[in-house]
Amino acid sequence: MNSCIQSFVTFTVLALSCILVSCTELTFELEDNARQCFYEELKKDAKATLEFQVITGGNYDVDVILYDINEKELYSVQKKQYDSHTFTVEQPGIYKFCFSNEFSTISHKTVYFDFQSGEETQLTKTMGNHHTALTQMETACVTIHENLKIAIDYQTHHRLRESQGRDMAEYLNERVQWWSVGESVLIVIVGICQVFILRQFFAERRSNI
């Protein structure tokens, strides 16, 4: 009975261990000629990662700048579709990262970003002091936890690629529809012109007396 309770507590600790990592994930609309900033409070010596990807709009590019607490640029890219930047926090405080679409005058963008800070505590440390090897259930929990993290990451990237592909398909479908409408109108105009010209050939001409 005690072993079952211990295993249940171990599994619960494993499931809640991800709370130790601060994670911000968001998808937002960035209008043309617009600039939008986000703020995150970071602790000293924490490891932080900023990952972003433009899902829809224009050439799928955006400007990104990351500032420290003194407004110093830590990371800057221009007209980038996707990228990832990892850094170690030297000074604790509120950090700012901005997405800019100011170079675009007609198209707005849909941007996804994922900002993570802190390091996840090793699962073996959350299980208490072990003087012996991990039990079979504890080992299985560690394996499941690692596989779930990988699966979540793959699902996120797959969802972004699916959204980007759907936007491209809708754009191509709209272009094809307008091209078809233009062809139909042109065919009707050509048909009318042909009928008019043929009628001129067979029209009876009156002679002047």
Side-chain angles (χ1 to χ4, degrees), residues 18-44 46-120 149-186:
C18 59
I19 298 178
L20 300 175
V21 179
S22 174
C23 178
T24 302
E25 187 177 3
L26 182 66
T27 301
F28 66 97
E29 294 285 339
L30 185 62
E31 300 292 335
D32 52 287
N33 286 321
R35 175 185 173 94
Q36 194 162 350
C37 298
F38 301 88
Y39 301 84
E40 191 77 20
E41 185 174 1
L42 304 178
K43 298 180 180 180
K44 183 177 176 57
K47 185 178 181 181
T49 300
L50 172 62
E51 182 179 2
F52 69 91
Q53 180 174 347
V54 181
I55 303 176
T56 63
N59 294 324
Y60 303 95
D61 52 358
V62 71
D63 296 343
V64 182
I65 304 177
L66 174 65
Y67 300 94
D68 64 4
I69 60 176
N70 299 318
E71 294 294 327
K72 178 183 177 182
E73 293 186 7
L74 299 178
Y75 168 74
S76 177
V77 291
Q78 287 76 37
K79 296 184 178 181
K80 197 81 171 180
Q81 179 181 354
Y82 60 89
D83 200 9
S84 177
H85 176 69
T86 302
F87 65 99
T88 302
V89 179
E90 297 181 355
Q91 296 178 339
I94 298 178
Y95 285 65
K96 178 175 69 173
F97 51 99
C98 300
F99 298 88
S100 175
N101 193 30
E102 295 174 327
F103 59 86
S104 179
T105 57
I106 58 174
S107 62
H108 69 278
K109 314 290 177 61
T110 301
V111 183
Y112 161 85
F113 75 85
D114 180 15
F115 191 90
Q116 297 183 4
S117 63
E119 295 185 357
E120 183 176 353
K149 290 196 300 182
I150 296 175
I152 291 174
D153 186 63
Y154 275 119
Q155 286 177 348
T156 300
H157 287 281
H158 176 74
R159 185 174 66 251
L160 295 176
R161 289 182 178 273
E162 188 272 337
S163 178
Q164 187 178 26
R166 184 174 64 253
D167 179 73
M168 178 62 71
E170 292 176 354
Y171 172 76
L172 293 176
N173 181 58
E174 182 180 1
R175 294 288 297 273
V176 170
Q177 286 182 348
W178 282 110
W179 179 261
S180 300
V181 171
E183 282 188 332
S184 301
V185 173
L186 183 61

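Residue numbers run from 1 in the order of the sequence given.
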Subject >> N101 side chain vs E31 backbone, donor-acceptor pair below 3.5 Å >> reply: yes
Subject >> F115 and Y95 aromatic centres sub-6.0 Å >> reply: no
**OP:** Please report the closest heavy-atom contact between D114 and E25, naming both atoms and the distance.
**Re:** OD1-CB, 4.2 Å
**OP:** Could you tell me how the ring of H85 sits relative to the ring of F87: parallel (under 30°), tilted (30 to 60°) or perpendicular (over 60°)?
**Re:** parallel
Result block: side-chain N/O donor-acceptor pairs under 3.5 angstrom for residues 49-58, not counting sequence neighbours:
unit_1 : atom_1 : unit_2 : atom_2 : d
T49    : OG1    : T86    : OG1    : 3.1
E51    : OE2    : H157   : NE2    : 3.3
T56    : OG1    : T110   : OG1    : 2.7

**OP:** Might you confirm whether atom CG of L186 has over 12 heavy atoms from other residues, nucleotides or ligands at distances under 6.0 Å?
**Re:** yes
**OP:** Return yes if some donor-acceptor pair links the side-chain N/O of D63 with the main-chain N/O of K79 below 3.5 Å, else return no.
**Re:** yes
**OP:** Give every residue pair that meets the salt bridge (charged side-chain N to carboxylate O under 4.0 Å, His left out) criterion with at least one member in residues 65-77, sequence neighbours excluded.
**Re:** E71-K96
Original post:
In this structure, are over 12 heavy atoms from other groups packed under 6.0 Å from N59 atom CG?
Top reply: no
Subject >> Plane angle bin for F28 and F113 - parallel if under 30°, tilted between 30 and 60°, otherwise perpendicular >> reply: perpendicular
Original post:
Can you list the residues that meet the side chain to side chain donor-acceptor pair (under 3.5 Å) rule with Q78, with sequence neighbours excluded?
Top reply: S76
Subject >> Donor-acceptor contact below 3.5 Å, side chain K44 vs main chain E90 >> reply: yes
